[in-house]
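Convention: sequence-line order gives letters A, B, ...; per-chain numbering from 1.
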Number of protein chains: 4
Amino acid sequence: MPTATVRVALVGTSGYTGAEALRLLGTHPLVRLTRLCAHSRAGEPLADILPPFAGVDGLPSVEPFDAAAVAQVADFALLAVPHGTAQTITAELLAHDVRVVDFSADHRFDDPDFFAAVYGHAHARPETLARTVYGVPELYRERIRTADVVGAGGCYPTSVILGSLPAVRQGLLAPGAIPIADCKSGVSGAGRSPGAGTHYPETADGLHAYKTLAHRHAPEIARALGLAKVRFVPHLVPMIRGILSTIYLPLRPGVSAQAVREAYVNAYAAEPFVTVLPAGQHPDPRHVRGTNRCHLGLFVDDDLLCVQAAIDNLGKGAAGQAIQCLNLMAGLPEDAGLTHTALFP
Amino acid sequence: MPTATVRVALVGTSGYTGAEALRLLGTHPLVRLTRLCAHSRAGEPLADILPPFAGVDGLPSVEPFDAAAVAQVADFALLAVPHGTAQTITAELLAHDVRVVDFSADHRFDDPDFFAAVYGHAHARPETLARTVYGVPELYRERIRTADVVGAGGCYPTSVILGSLPAVRQGLLAPGAIPIADCKSGVSGAGRSPGAGTHYPETADGLHAYKTLAHRHAPEIARALGLAKVRFVPHLVPMIRGILSTIYLPLRPGVSAQAVREAYVNAYAAEPFVTVLPAGQHPDPRHVRGTNRCHLGLFVDDDLLCVQAAIDNLGKGAAGQAIQCLNLMAGLPEDAGLTHTALFP
Amino acid sequence: MPTATVRVALVGTSGYTGAEALRLLGTHPLVRLTRLCAHSRAGEPLADILPPFAGVDGLPSVEPFDAAAVAQVADFALLAVPHGTAQTITAELLAHDVRVVDFSADHRFDDPDFFAAVYGHAHARPETLARTVYGVPELYRERIRTADVVGAGGCYPTSVILGSLPAVRQGLLAPGAIPIADCKSGVSGAGRSPGAGTHYPETADGLHAYKTLAHRHAPEIARALGLAKVRFVPHLVPMIRGILSTIYLPLRPGVSAQAVREAYVNAYAAEPFVTVLPAGQHPDPRHVRGTNRCHLGLFVDDDLLCVQAAIDNLGKGAAGQAIQCLNLMAGLPEDAGLTHTALFP
Amino acid sequence: MPTATVRVALVGTSGYTGAEALRLLGTHPLVRLTRLCAHSRAGEPLADILPPFAGVDGLPSVEPFDAAAVAQVADFALLAVPHGTAQTITAELLAHDVRVVDFSADHRFDDPDFFAAVYGHAHARPETLARTVYGVPELYRERIRTADVVGAGGCYPTSVILGSLPAVRQGLLAPGAIPIADCKSGVSGAGRSPGAGTHYPETADGLHAYKTLAHRHAPEIARALGLAKVRFVPHLVPMIRGILSTIYLPLRPGVSAQAVREAYVNAYAAEPFVTVLPAGQHPDPRHVRGTNRCHLGLFVDDDLLCVQAAIDNLGKGAAGQAIQCLNLMAGLPEDAGLTHTALFP
C-alpha cells in the first residue's frame, strides 16, 4: 500500500458539497487534507459549521482563503464555493501552480462563448477555460489526468449523461430525436441556504417540478452528449439526497432491447462506479446514497428506450465525482477513498 | 338548502379508499350513511380499524356485507373493496336495485373483451358492464347521471386524462404521436397491506419507478382518451398521498403555447374541480391533498407540451371522484361535500 | 338548523395558523367570513399566498388591516398575527366593539405582571388583559362565552394541560412533585418563515430537543394548571403538523391505575373534542391531524402516571381551538365546523 | 500500519444490523471478511438481498450457516441473527473455538436467572453465559478484550447507559430516585420485516410511543447501570435510523451544573466515540448517522439533570458497537474501521 499521500486543500466548507468532500477525504487512504478554507465562517470551530464533526480531532482549522497559503501546503485544491466565486479563485490557484477541481458551474465548458450563452454573462477569466476539462471521467478520463482545471459535471447532467452515453455513442438513437429527461432530485440539491422552497413544512410530503423545460442544465447535458437538444424537467422530491433521472430516448427502428442492453453492459464493463442492473430491476437513489456509484435500469418498449439513472447528487453528482477526478489527476487508483457502499436502510 | 338526504352504504371500510370515503361522507351535508360494511373486520369497533374515529359518535356499526340488508336502507352503495371482489358484489346490489359506484378496477371498461385483454381473465359478470359508465365526470358527466354502475377512474388514469383531454379533444396533438406519462405517486397508492415495497425504512428518503412501460393503467388511459397508445412509467415517491403526473404531449406543428393555454382554460372553465394554474406555476399534490381538486400546469417548448397534473390519489383519484359521481347519480349539486381545500401546510 | 350566520374577520392570512383558520372557516356552516386581512401581502391573489386556494372562488380579497373597516362587516375577529402585533390590533378592535380571538401569545395571561415576567417586557395595552380569558374551553368554558378577548392556548400548553388537568383537579398528584412534559412537535410549529432550523435537508430524518428546560411555554402550562412548576422539554420531529406530549406525573401514594382512568374518563365524558383511548392504546398526532381533537393515552407504573396527549398544533393547538372559542363566544354549537375527522392515512 | 488482518465471518446478512455490519466491514482496513452466511436467502446474489451491493465485487457468496465451515476460515464471528437463534449458533461456534460477537438479545446477561426473568423463558445454552460479557466497551472494556462471547448492548440501552453512566458512577443521583428515559427511535429499529406498524403511509408524518413503561429493555438498562429501576418509554418517530434518548435524572441536592459537566467530560475524555457537546448544544441522531459515535447534551435545572444522547441504532446501537468490541477482542486499535463521520446532510 503506498504511503505517500497527495496534499489537498478544500476551499469551501460550509456548503453541502464541501461537507461531503470533507467527509469523503476523511477516509481517503491516499490523500492528506492540509488546508480547510471557508469564506464567511473562517475561524469558527468546524463542529459549529458541520455538527457531525463534534469530537473529531486532527482536522485543520478553518481559515480564510489565500491562494499563496494554499500553494504552500497543497498541490491540489477542491473548490466547493458558489458559482461565480470559483472563477477568480481558480485563476489565483493556477497562478500558484495548484491544480483545481471545481464543483461549481464555472468550469463546465471550455468555450467562453458557450458559457456566456448559457449563463447570460461573460466568464471572468476566460483564459482559464482553455486549460479546463469537463469532469465526468466516463467521458474524458484521459484528458482529466493531465488537466489543470477540472469542472466536475453537475448533478443532473451527470445522471443524464451516464444514462444516455452508450445509446448515443453506439448510434442507437433515432436521428434528430430529442431525448426527454424527467429528473427527480432530493432537496440538498438546492443548497444549504434556507428559503421558502426548502422549508420543511412546505417541502415534505409533496413534490413539484420547477423551471420546466427552461433549466440551464439542459445545454450542459446536450453539449456533453453531442446532441442538438435535450428536454429537461427537474422535480424536487422529499428526499434529502439523491437523483433519479428517468430518460426517454427514441431508438432507431430495429434496435432491440437486447442490443441496447449489450451496448450499456459493454460500455460500462470496466467502469468502477457505473452498474447496469439486471433486466427488470429499477434503480433507487437510496441504494447509492453517500457513494460515487451510479445504478442504471434499462427498459425498452418498441422504439422507446427508458433509462433510469440513480446517483447521489452530492456523491457522483458533486464531491464523489470531484474526488474521482482528483484521483485521476494525481495518479492514484481511480477508486481510492470511494469504494464504500450506501447505508442500508 | 335541501334537507332531504340521499341514503348511502359504504362497502369496504378498512382500506384507504374506504377510509377516505368515510371521512368525506362524514361532512357531506346531503348524504346519510346508513350502513357500513367490512369483510374480515366486521364487528370490530370502527376506531380499532381506523384510529381517527376514536371518540366519534353516530356512525353505523361495521357489519358484514349483505346485499338485501344494504338495499333495505340505501339507494346507493360505494364499493371500496379489492379488485375482483367488486364484480359479484356489484351484481348482487344491482339485483336489489341499489346503484353502485365502484372504486376498484372491476368496472372501468364497458367492453368485456377489453377487460379480459387488459386483466388477463374474463369478467365474472360481463352483463353488468353494459350498464356501466367510466367514472370521470369530465369525460362522461351526462352518462354518469343515469348510470346504474359507475367504475370510478383510477388514480393514475384520472390525472393523465385530465392533463391530456383538452389537447386531445381540440386536436392539438401531432398525429400518431405517443404521449409519455411520467407519474409520481405517494405510497398510499399501494394500499394498506404492508410489504417490503412499502416498509418505512426502505421507502422513506428514496424513490424508484416500477412496472416501467408495463403497467395496466396504460390501456385504461389510452382507451379513455381515444388514443392508440400511451407510454406510462409510474414512480413511488416518499409521500403519503398524492400524484403528480408529468405528461409529455407532442404538438401538431404550429400549435402555439397560447393556443394550448386557451384550449385548457376553456375546456375547464366550468369544471368545479379542475384548475389551470397561471403561466409559469407548477402544481404540487400537497396543494390538493384531501380534496377532489386537480391542479394543472402547462409548459410548451416548441412542439412539445408538458402538462403537470396534481391530484390526491385517494381524493380525485378514488373516493372524492366516487362521491362526485354519486352526487351526479343522485341529482345533488356536483360539488356537495367536496368544497373543502387542502391542509396547508 | 340556524340560517343566521356569525360575521367574522380573519386578520393574518399568510402564516400557518391563519391559513388553517381560513381552511376551517371555509366549511363552517354558521360563520360568514366577511373580511380577510394581511399585512405585507395585502392586494395579492390569495392563491399566490396560499396555493391550495387556486381555483377557489367566493372569498374576500386580501386587504390591509383597518379596525374601522373590520367593524363595519364583522362582529368577531380572529387574529393570526405575530406575537407583539396582536396587542395593538386587539385594542383597536375592542375600541370598535369587535370581539377578538387572538392566536398569538399576547393575551394568554390576564395579569400584566405575569406577562412581563414571562416575556421580559411590559404588555403594550395592559388594560386589555382585564377583559381577557385564556382560551382553553376545557378550563374556562363559561368565562369564554362572554369574554371580549380570548387568548387561545398555545400548542404545547394545550396538549400538556389537557393531559394533566384531571389528575391535577382530582388531587391525584403527589404533593410538591414537579411534572415533566417531554413534548414532540411537527415543524409547522416553528412558523412559516424559513430558517436553518427548518431547512428540509437538515430537518428530515433527524430529531432534536431545543430550549431544554428553558422554554417560555413552561410558565403558561404551570399557571393554567395551578402548579408551582412544570419541567418542559420540547423536541422538533420530522413531521409537518402535530404534537405528542409525553407527560410524567408522580402520583400520590395509593392512587391506582383504575382511579386514574376513571378520573380522566369522567372529566372528559362531556367534552366534544377530548377522547381517552382504551387501556393500552397509544395516541398518535396523525390521527387528529387537521382536526380540533385531542387523543389521550394513560399508563401507570406504581406511583408514576405517564399521559400521552396528541393534538394538531395548528388545530386544537391554534386555529381549531380559536374557532371552538369563537363558537362559544357567538353562542353557536361548540363543535360547529369542527366535526370532521383526520385524513387517514 | 499492520498488514495482517483478522479473519471474520458474518452470520446473518439480510437484516438491517447484518447489512450495516457488512457495510462497515467493507471499509475496515484490518479485517478480512471470509464468510458470509444467511439462513433463508443462502445462494442468492448478495445484491438481490441488499441492493446497495449491486456491482460490488470481491465479497464471499452467501452460504448457509455451518459452524465447522466458519471455523475453517474465521477466528471471529459476528452474529446478526434473530433473538433466540443466536443461542444455539453461539454455542456451536464456541465449540469450534470461534469467538463471537452477538448482536441479538441472547447474550446481554451473564446470569441465566436474570435472562429467564426478563424474557420469560430459560436460555437454551445457559453454560455459555458464564463466558459472556456485555458489549458496551465504556462499561467493560477490559473484560471484552478476553471474552469468548460478547453480547453487544442493545440500541436503546446503549444510549441510556452512555447518557447516565457518569452521573451514576460519580454518585450524582439522588438516592433512590428512578430515572426516566423518554427515547425516540427511527423505524429501522423495528427490523426489516414489514408490518402494519412500519407501513410507510401510517408511519410517516406521525409519532407514537409503544410498550409504555413495559418494554424489556428497561431491566437491561437498570442492570447495566446498577440501578434498581429505570422508567423507559420508547417512541417510534418517522426517521430511518437513529435514537435520541432524553433522560431525566434527579440529582442529589447541591450538585451543580458545573459538577455534572465536569463529571461527564472527565468520564468520556479518553473515549473514542463519546462526545459531550458544549453547553447549550442539543444532539441530533442525524449527526451520528452511520457512525459508531454518541453525542451527549447536558442540561440542568435545579435538582434535575436532563441528558440527551444521540446514537445510530444500527451503529453504536448495533453493528458499530459490535465491531468496536471485535476490535478489542482481536487486539486491533479500538477505532479501526470506525473513524468516519456522518453524512451531512
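- For the side chain to side chain donor-acceptor pair (under 3.5 Å) with C:Q321, the qualifying choice from C:N292, C:D312, C:T158 is C:T158, the only one to do so.
- With a 4.5 angstrom heavy-atom cutoff, C:L343 touches chain B via backbone and side-chain atoms both.
- Between the side chain of B:T34 and the main chain of B:V8, a donor-acceptor pair closer than 3.5 Å is present.
- Panel note: side chain B:N327, backbone B:A336; a donor-acceptor pair is recorded below 3.5 Å.
- Most heavy-atom pairs under 4.5 Å with chain B: of the set C:R286, C:Q281, C:R289, C:H287, this distinction falls to C:H287.
- Residue pairs meeting the side chain to side chain donor-acceptor pair (under 3.5 Å) criterion with at least one member in residues 335-344 of chain C, sequence neighbours excluded, do not occur.
- Identified by a heavy-atom distance below 4.5 Å to chain B, the contributing residues of residues 52-62 of chain C are C:P52, C:F53, C:A54, C:G55, C:V56, in residue-number order.
- Here the shortest heavy-atom pairing between B:Y16 and B:G191 reads CE1-O, 3.2 Å.
- The only member of B:V288, B:V237, B:I311 that meets side chain to side chain contact (heavy atoms under 4.5 Å, CB included) when paired with B:I243 is B:I311.
- A donor-acceptor pair is defined here as one N or O able to donate and one able to accept, closer than 3.5 Å; such a pair exists between the side chain of B:Y268 and the backbone of B:L162.
- Listed by chain and residue number, nothing satisfies the side-chain hydrogen bond (donor to acceptor under 3.5 Å, both in side chains) test with C:T13 (two or more places apart in sequence, or in another chain).
- For B:L22, no part lies near chain C; criterion is any non-hydrogen pair under 4.5 Å.
- With chain B as partner, the option from C:R293, C:H295, C:R241 having the largest number of non-hydrogen pairs under 4.5 angstrom is C:R241.
- A donor-acceptor pair under 3.5 Å links the side-chain atoms of B:Y264 to the main chain of B:G163, judged by distance alone.
- Looking at C:L314, only its side chain comes within 4.5 Å of chain B, counting heavy atoms on both sides.
- With respect to chain C, the highest number of heavy-atom pairs below 4.5 Å among B:P345, B:A19, B:G26 belongs to B:P345.
- Contact record, B:P333 with B:L30: CD-CD1, 3.8 Å, taken as the closest heavy-atom pair.
- The contact list for residues 195-204 of chain C toward chain B, using heavy atoms and a distance under 4.5 Å, is empty.
- Using a 4.5 Å heavy-atom threshold, the side chains of C:Q308 and C:F299 count as touching.
- Between the side chains of C:S159 and C:K316, not a single donor N or O lies within less than 3.5 Å of an accepting N or O.
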